[in-house]
Amino acid sequence: MVYIVSYHPKLPRKNSALVQSVCKFEGYALLSDYSFLVRTKFSASSVRDRIKPNLRVGDELFVCKLEKSAAWTGFDAKFSQWVRNAFDE
């Protein structure tokens, strides 16, 4: 399953602990400064629960399962290949 994981920090800053928690899933790709695609066997609520301890007070987190239908433009070949592979697995 592929999820979009997006967080919005209360104060604009990188959260390395949060990023490290995302990197622990079976696969991931950076979508934007604060958004990732994550491939995992876990449910959306389980993904949220695994990342939540790394949020700072006031930060927001959104996790949503994606279906096979996806479209994008402007991303590099590595990202495009990751998305294709993630939906094929």
Side-chain angles (χ1 to χ4, degrees):
M1 294 176 278
V2 179
Y3 295 90
I4 184 167
V5 174
S6 183
Y7 77 101
H8 183 263
K10 182 176 181 176
L11 301 172
R13 70 210 182 284
K14 292 287 185 185
N15 183 334
S16 59
L18 185 141
V19 172
Q20 289 174 0
S21 67
V22 169
C23 294
K24 291 180 181 177
F25 289 101
E26 289 87 347
Y28 69 92
L30 181 65
L31 188 57
S32 66
D33 287 346
Y34 301 114
S35 298
F36 298 85
L37 295 180
V38 172
R39 185 176 49 82
T40 183
K41 63 182 183 247
F42 297 112
S43 67
S45 58
S46 292
V47 171
R48 179 205 56 211
D49 293 346
R50 289 170 174 265
I51 296 171
K52 189 175 177 181
N54 298 296
L55 293 174
R56 296 175 178 144
V57 175
D59 287 355
E60 299 168 340
L61 177 68
F62 177 79
V63 178
C64 182
K65 182 179 174 185
L66 298 176
E67 299 298 324
K68 277 196 162 191
S69 179
W72 60 93
T73 187
F75 288 91
D76 64 23
K78 183 177 178 182
F79 175 87
S80 296
Q81 191 59 50
W82 188 93
V83 173
R84 286 186 197 99
N85 291 344
F87 283 121
D88 287 342
E89 295 177 358

Looking only at non-hydrogen atoms, find the nearest pair between Pro9 and Asp59 and report the distance.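 Scanning both residues completely, I find the closest heavy atoms to be CA-OD1, 3.2 Å.
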Quick one: closest heavy-atom pair of Val63 and Ala44, and the distance?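 That closest heavy-atom pairing would be CG1-O, 3.7 Å.
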Flag side-chain contact, heavy atom, 4.5 Å: [X] against [Y]:
X	Y	value
Lys10	Arg56	no
Phe42	Tyr3	no
Trp72	Phe79	yes
Val2	Val38	no

Quick check for you: to the nearest 0.5 Å, what is the distance between [X] atom [atom1] and [Y] atom [atom2]?
X	Y	atom1	atom2	answer
His8	Ser35	NE2	OG	10.0 Å
Lys68	Arg84	NZ	CZ	13.5 Å
Leu61	Tyr34	CG	OH	14.0 Å
Ser43	Lys65	OG	NZ	10.0 Å

Partner of Arg39 by side-chain contact (heavy atoms from CB on, under 4.5 Å), out of Trp82, Phe87, Phe25: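 Option passing the side-chain contact (heavy atoms from CB on, under 4.5 Å) with Arg39: Trp82.
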Pick one: which of Ile4, Leu30, Ile51 meets side-chain contact (heavy atoms from CB on, under 4.5 Å) with Phe36?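 Between Phe36 and the candidates, side-chain contact (heavy atoms from CB on, under 4.5 Å) is satisfied uniquely by Leu30.
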Which one of Lys24, Glu26, Arg50 satisfies the side-chain hydrogen bond (donor to acceptor under 3.5 Å, both in side chains) criterion with Thr40?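 Between Thr40 and the candidates, side-chain hydrogen bond (donor to acceptor under 3.5 Å, both in side chains) is satisfied uniquely by Glu26.
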Mark yes or no for whether Tyr28, through its side chain, and Val19, through its backbone, hold a donor-acceptor pair below 3.5 Å.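 Side chain of Tyr28 to backbone of Val19: no pair is present.
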